[in-house]
Q: 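Quick one: this structure, given as structure tokens, is what I'll be asking you about.
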Amino acid sequence: MKSFFVTGTDTGIGKTVVTCALADALRSSGVDVGVMKPFATGVPQKDGFKSEDVKLLAQYSSVDDPESLINPYFFPIPTSPYGAAKKLCKTIDVDLVLSSYEKLQANHDVVLVEGIGGILTPILKDYFVADLIKDLNLDALLVVGTKMGSVNHTLLAMNLCKKYGIHISGLIINQTDSDGYDLQDLEEDLVSLSGIDVICKIPLLQNVDIKAVSQILQKDSVLSKL
Ligand SMILES: Nc1ncnc2c1ncn2[C@@H]1O[C@H](COP(=O)(O)OP(=O)(O)O)[C@@H](O)[C@H]1O
Ligand SMILES: [Mg+2]
């Protein structure tokens, strides 16, 4: 399997859960998987990794790469990298992210890169998550939520990827709320409107257990579809 960039239609849509579960499924099938979260923002954790996402990614991939490679930029403000860097008067050097990725790629068979927010989350004034995906030369997996408006959000993200020349290898529908689209209806609509395959559907879970999500991915043969 090749490396992927996991992006989504929104923040809080399940990118971390899906990336961790994919890492777990890959590890279970004997693949040496690396993980990366180039930009993380939010409340810093008290011990271990600063970012909760990075902690989970490292846990389920079992990597022991340094935090500085997995997560070159952490800003303790829950906003976009662009907004946080501006507020904190910090500069962002995209070359540092690209060289960190190269090192991880050299150390592992596959690297899963989790984005931040959605496809147009700003990193610099004229540089968005989509630009980063292009510069990393990765295909994308798009995590799609199920709340009303998800078809619109998915088609917007797909159109943007088409404009940038980013290949979407598959959609993963993740049900994060109870009163949105029916999973089957959403799959049918997205496939007929976009022509891109839905490679997995994850139902709303009472307790989010990454191992259980990993089992769902394996049951749906997700690894063989990538
Ligand atoms: N299928 C699901 N069912 C219930 N809760 C979920 C599901 N997927 C994700 N969540 C929860 O939704 C929240 C956001 O998920 P997360 O993976 O952190 O999103 P993102 O990385 O896109 O911001 C987390 O609290 C997570 O545990
Ligand atoms: Mg996340």
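Each residue takes its place number in the sequence, starting with 1. Start at 1 and go down the list; that is how both ligands and their atoms are numbered. Because only heavy atoms are used, hydrogens play no part in the values below, and waters and symmetry mates are left out as well, while side chains stay in.
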Q: Would you find a donor on one side and an acceptor on the other, under 3.5 Å apart, between the side chain of Ser51 and the backbone of Val54?
A: yes

Q: Between Asp93 and Tyr73, do the side chains contain an N or O donor and an N or O acceptor separated by less than 3.5 Å?
A: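 Not at all, the side chains of Asp93 and Tyr73 share no donor-acceptor pair under 3.5 Å.
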
Q: Is it true that atom CG of Asn152 has more than 12 heavy atoms of other residues, nucleotides or ligands lying nearer than 6.0 Å?
A: yes

Q: If you link ILVMFWY side chains whenever their heavy atoms are less than 4.5 Å apart, which other residues fall into the same cluster as Leu193? By chain and number, please.
A: Leu142, Val144, Met148, Val151, Leu155, Met158, Ile168, Leu171, Ile173, Tyr181, Leu183, Leu186, Leu190, Val191, Ile196, Val198

Q: Is Thr11 close enough to the Mg ion (ligand 2) to have an N, O or S atom under 2.8 Å?
A: no

Q: What are the two closest non-hydrogen atoms of Val63 and His108, and how far apart are they?
A: CG1-CE1, 3.8 Å

Q: Using only N, O or S atoms, tell me which atom of Glu114 is closest to the Mg ion (ligand 2).
A: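 The Glu114 atom nearest to the Mg ion (ligand 2), restricting to N, O or S, is OE2.
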
Q: Quick check: of its N, O or S atoms, which one does Asp53 have closest to the Mg ion (ligand 2)?
A: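 Closest N, O or S atom of Asp53 to the Mg ion (ligand 2): OD2.
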
Q: Return the protein residues near ligand 1 (heavy atom under 4.0 Å from any of its atoms), ordered by chain and residue number.
A: Thr11, Gly12, Ile13, Gly14, Lys15, Thr16, Val17, Glu114, Asn174, Gln175, Thr176, Ile202, Pro203, Leu204, Leu205, Val208

Q: Is the shortest side-chain N to carboxylate O distance from Asp197 to Lys225 below 4.0 Å?
A: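 No salt bridge links Asp197 with Lys225.
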
Q: Against Cys200, only a single residue in Leu22, Ile216, Asn174 fulfils side-chain contact (heavy atoms from CB on, under 4.5 Å); can you say which?
A: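 The residue from Leu22, Ile216, Asn174 that satisfies side-chain contact (heavy atoms from CB on, under 4.5 Å) with Cys200 turns out to be Ile216.
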
